[in-house]
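Protein chains get the first letters and strands the later ones, always in sequence-line order, with residue 1 at the start of each. Bear in mind that the values here come from a model prediction, so they are computed numbers and not experimental data.
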2 protein chains.
Amino acid sequence: MIDQYDRRILRILQQDGRITNQQLAQQVDLSAAACWRRVKAMEESGVIQRYAALLDPRQLEQGLTVVLMVQLSQHNRAYRDAFETRVKGLSEVLQCYALTGNADFMLRVQVPDMAAYDRFLNDNLFTLEGVAQVQSNFALREVKYETAFDI
Amino acid sequence: MIDQYDRRILRILQQDGRITNQQLAQQVDLSAAACWRRVKAMEESGVIQRYAALLDPRQLEQGLTVVLMVQLSQHNRAYRDAFETRVKGLSEVLQCYALTGNADFMLRVQVPDMAAYDRFLNDNLFTLEGVAQVQSNFALREVKYETAFDI
DNA sequence: ACTGAAAGTCGTTGCAT
DNA sequence: ATGCAACGACTTTCAGT
């Protein structure tokens, strides 16, 4: 089970995924070897899923964020699976959740500009059977973007 | 400016933020020193914002994801700033975007369970002046979660 | 800008507790 | 589970192109 040492390790790694093992060990007050073994065990068990560099989309010409609410026309398995499989394969879709409420799915899409978004919709979403409604909400501002949650 | 070498470096770092500089250099076909300087320059300029370990919320008792749509009663600066400042300070709120469309904001909140979400709403959101409507959409499933976008 | 080499630091394993 | 010690691997800097 995960104990307080693990939690402290995770809290730090969420904020700095590239901290050296030695520094990490020092901060959580363990020997380097003990700390290292704990991190490896959590990578193995999937508690730590992966490490990522987080980039600035605006500096990389991917500055348009769109939040989409999608409704399917019927809630059968075929439409749902087709939609989810498509979504997983689209590199513009960074996040997708199946939701309770009016909309069936929420998507976050990251594209360079409106022209690219237009293409994205026409080529990838409107071509899908069973997509009844798509509401596009454009991000005026990113108020907060955090990957770290409470542990 | 960012060139093709930088792009290749970024693509790899998005997927594996803990790759060693040596491996990275080998994969992009640069010497270790050249690769290292490019990475440092991109960290300096903010193209690389930070490195993060991505964890599994379900294994850490933070398994309830909620997508909130929030409307303010008036669109003046005071209400908006109060809301945004509050949101930035709440560790349960991992993402928040100011949006076009009916809702003014979309929030993604990560909590352990419904009881915690109830507390979150009552303590942090309903206490704010100027919040006219809050629609909570609970995530049934995480279809996709990606931090990497096209470069 | 780049490479190659040098020096210092770190990761990783084996062993003992 | 842990710490210590050793070795190989890696990061980082610097001189030279």
*Asks:* If we ignore hydrogens and angles and just use 3.5 Å, is the side chain of A/R86 paired with the main-chain N or O of A/N124 as donor and acceptor?
*Replies:*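 Judged by distance alone, yes, a pair lies under 3.5 Å.
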*Asks:* How many angstroms lie between atom CG of B/N102 and atom CE of B/M69, to the nearest 0.5 angstrom?
*Replies:*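 B/N102 CG to B/M69 CE: 9.0 Å, rounded to 0.5 Å.
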*Asks:* More 5' along DNA chain D: A/L30 or A/R18, using each one's nearest nucleotide?
*Replies:*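 Of the two residues, A/L30 wins.
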*Asks:* Given atom CD of B/E44 and atom P of D/dT12, what is their separation to the nearest angstrom?
*Replies:*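 Those two atoms, CD and P, are 14 Å apart.
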*Asks:* Figure out the OH/C1' separation between A/Y5 and D/dA1, and round it to whole Å.
*Replies:*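 Whole-Å distance recorded here is 11 Å.
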*Asks:* Got a second to check how far A/N21's CG is from A/R37's CZ, nearest 0.5 Å?
*Replies:*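 If I round to the nearest 0.5 Å, the distance is 10.5 Å.
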*Asks:* Using heavy atoms to find the nearest nucleotide of DNA chain C for A/K40 and B/C35 separately, return the residue whose nucleotide is more 5′.
*Replies:*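 The residue mapped nearer the 5' terminus is B/C35.
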*Asks:* Main chain of B/H75, side chain of B/R80: is a donor-acceptor contact present, judged purely on distance under 3.5 Å?
*Replies:*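 Answer holds: no.
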*Asks:* With the side chain counted from C-beta on, respond yes when A/L94 and B/T147 share a heavy-atom pair under 4.5 Å apart, and no when they do not.
*Replies:*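 Of all side-chain heavy-atom pairs linking B/T147 with A/L94, none is under 4.5 Å.
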*Asks:* With the side chain counted from C-beta on, respond yes when A/L60 and B/F149 share a heavy-atom pair under 4.5 Å apart, and no when they do not.
*Replies:*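 A side-chain contact exists here, since the closest heavy-atom pair is under 4.5 Å.
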*Asks:* Hey, is the side chain of B/W36 poking within less than 4.0 Å of OP1 or OP2 on D/dT11, counting only N and O atoms?
*Replies:*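 False: B/W36 side-chain N/O out of range (4.0 Å or more) of D/dT11 OP1/OP2.
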*Asks:* For the residue pair B/F83 and B/F105, does the interplanar ring angle fall in the parallel (under 30°), tilted (30 to 60°) or perpendicular (over 60°) class?
*Replies:*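 Ring orientation, 0 to 90° scale: tilted.
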*Asks:* Can you check each nucleotide of nucleotides 5-10 of chain D against protein heavy atoms at under 4.0 Å and return B for base, S for sugar-phosphate only, - for none, in 5' to 3' order?
*Replies:* -----B
*Asks:* What is the distance, to the nearest angstrom, from the CZ atom on A/R37 to the P atom on D/dG3?
*Replies:*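 From A/R37 CZ to D/dG3 P: 8 Å.
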*Asks:* First and last nucleotide of DNA chain C touching chain A, 5' to 3', heavy-atom cut-off 4.0 Å?
*Replies:*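 First-to-last contact on DNA chain C, by the 4.0 Å heavy-atom rule, is C/dC10 to C/dG14.
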*Asks:* In whole angstrom, give the distance that lies between atom CE of A/M42 and atom C1' of D/dA1.
*Replies:*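 That distance rounds to 14 Å.
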*Asks:* For a 4.5 angstrom cut-off between non-hydrogen side-chain atoms, does B/R11 reach B/V28?
*Replies:*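 No, too far: nothing below the 4.5 Å cut-off.
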